[in-house]
Amino acid sequence: MFNLLNTLVENNKKYGKEGKLAAYIPALLEANPNDLGIYIVDTRGKEYFAGDYNKKFTIQSISKVVSLILAIKDNGRENVFKKVDVEPTGMGFNSIVNLEASDTGKPYNPMINAGAIMTSSLIDGKDVEERLKKILDFLKIVTNNNDIYVNENVYLSEKETGSRNRALAYFMKSTGVLDGDVEEILDLYFKQCSIELDARDLARFGVVLANDGVLPWNGRKVIPKDVCRIVKSIMVTCGMYDASGEFAVNVGIPAKSGVGGGIIATVPRQYGIGIYGPALDEKGNSIAGLKLIKDLSDELDLSIF
Ligand code: GLN
């Protein structure tokens, strides 16, 4: 496995040159666009890695998976899906058009910005700090790593340049679908996107989802099985934004990307996969990361379809 991963990283590193860092969050421009790394954990807890697997980056949209899980834990699935749908949009992750075009005004799904702003608003807690702590504590458990924290520099950068996310949130407030203090909800959203981790952390979180919510390293159940199923289904249909259909056809694994360059993938009952490659394609997915996971899926026959 180590040889295979090294070869795949070497073969796909060159694609970083064809992508771009996410410039709309200026702090993300500090990354090296040529980095590429992968980490894999199997359901017995065995770990494999290659390339720049230990570089830190911010979780960005992959935090949407966490806020969905916590929103369901706190409210039950019915109440969550009264507030956010589960349909792919075919639009970019920060698109506004669907919010106005839909009959209900509900965001289309929890994996786009509007939907994640909604699920973050549904996490219980007396203030932003308490809610953020729940997100961090959850991540510490599923990554088996206590060193998970917010990158202040990226957070401030997101907050300063987050006009589009403010527009989405205030629009939902104006139509009555989003409840609560909009600035506080946005603050939580910016902070959760700025949580820093590495490919190993994503791989471990991925294997917990693959293992129906049981931590492979100690057998403890931390996410209900039905919640894992919901989350993996939504990752397949919506996780790679408006490239989700193509990803399902070419790779066939539930996955979620973020503009920090991360991809988390979860192969049911087999593997969790974490990838880092910060150069992005025009849809905001890691350009070399996509090639790498496609090759891996072909080599190991990982498609669930
Ligand atoms: N923080 C980013 C944003 O809100 C997350 C988007 C992403 O990773 N696609 O725009």
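First listed ligand is number 1; within each ligand, the first listed atom is number 1. Bear in mind that the values here come from a model prediction, so they are computed numbers and not experimental data. Positions are given from 1, in the same order as the sequence printed here.
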| Derivation of the ring-ring contact (aromatic ring centres under 6.0 Å, His included) call for Phe205 and Phe138 | CA-CA 10 Å; Phe205 181 16; Phe138 175 86; 5.8 Å; yes
| request: Give me the one residue out of Asn285, Val259, Leu290 that meets side-chain contact (heavy atoms from CB on, under 4.5 Å) with Leu280. | output: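 The side-chain contact (heavy atoms from CB on, under 4.5 Å) with Leu280 is passed solely by Val259 among Asn285, Val259, Leu290.
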| request: Could you tell me whether Val259 approaches ligand 1 through its side chain, its backbone, both or neither, with non-hydrogen atoms closer than 4.0 Å? | output: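 Within the 4.0 Å criterion, Val259 contacts ligand 1 through backbone and side-chain atoms alike.
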| field | Subset of ligand 1 atoms that lie under 4.0 Å from at least one heavy atom of Asn165 | value |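 Numbered from 1, ligand 1 contributes 3 (C), 4 (O), 10 (O).
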| remark: Numbered in order shown, the ligand 1 atoms found under 4.0 Å of a heavy atom of Tyr189 are 3 (C), 4 (O), 5 (C)
| task | May I ask you to check whether Lys64 has an N/O atom sitting below 3.5 Å from an N/O atom of ligand 1? | result | no
| message | Using a plain distance cutoff, I'd like to know if Ser61 has any nitrogen or oxygen under 3.5 Å from a nitrogen or oxygen of ligand 1. | response | yes
| request: Please name all residues satisfying side-chain hydrogen bond (donor to acceptor under 3.5 Å, both in side chains) with Thr119, sequence neighbours left out, ordered by chain then number. | output: Ser67
Minimum-distance protein heavy atom relative to [atom]:
atom                    : result
atom 10 (O) of ligand 1 : Tyr24 OH, 2.6 Å
atom 9 (N) of ligand 1  : Tyr241 OH, 2.6 Å
atom 2 (C) of ligand 1  : Gln60 OE1, 3.1 Å

| query | Does atom CD of Glu246 have more than 12 heavy-atom neighbours from other groups under 6.0 Å away? | reply |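 Counting neighbours around CD of Glu246, 12 or fewer heavy atoms of other residues, nucleotides or ligands fall under 6.0 Å, so no.
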| Tyr39 ring center near Tyr276 ring center (under 6.0 Å) | no
| query | Is there a side-chain contact between Lys83 and Leu178 (heavy atoms, below 4.5 Å)? | reply | no
| query | Looking at ligand 1, does Asn113 have a heavy atom less than 4.0 Å from it? | reply |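 It does, in that a heavy atom of Asn113 comes within the 4.0 Å cut-off of ligand 1.
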| query | Do any heavy atoms of Phe190 fall under 4.0 Å from ligand 1? | reply |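 Contact check Phe190 vs ligand 1: negative.
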| request: Is it possible for you to say whether Tyr53 and Ile263 belong to one hydrophobic cluster, with membership spreading through side-chain heavy-atom contacts below 4.5 Å? | output: yes
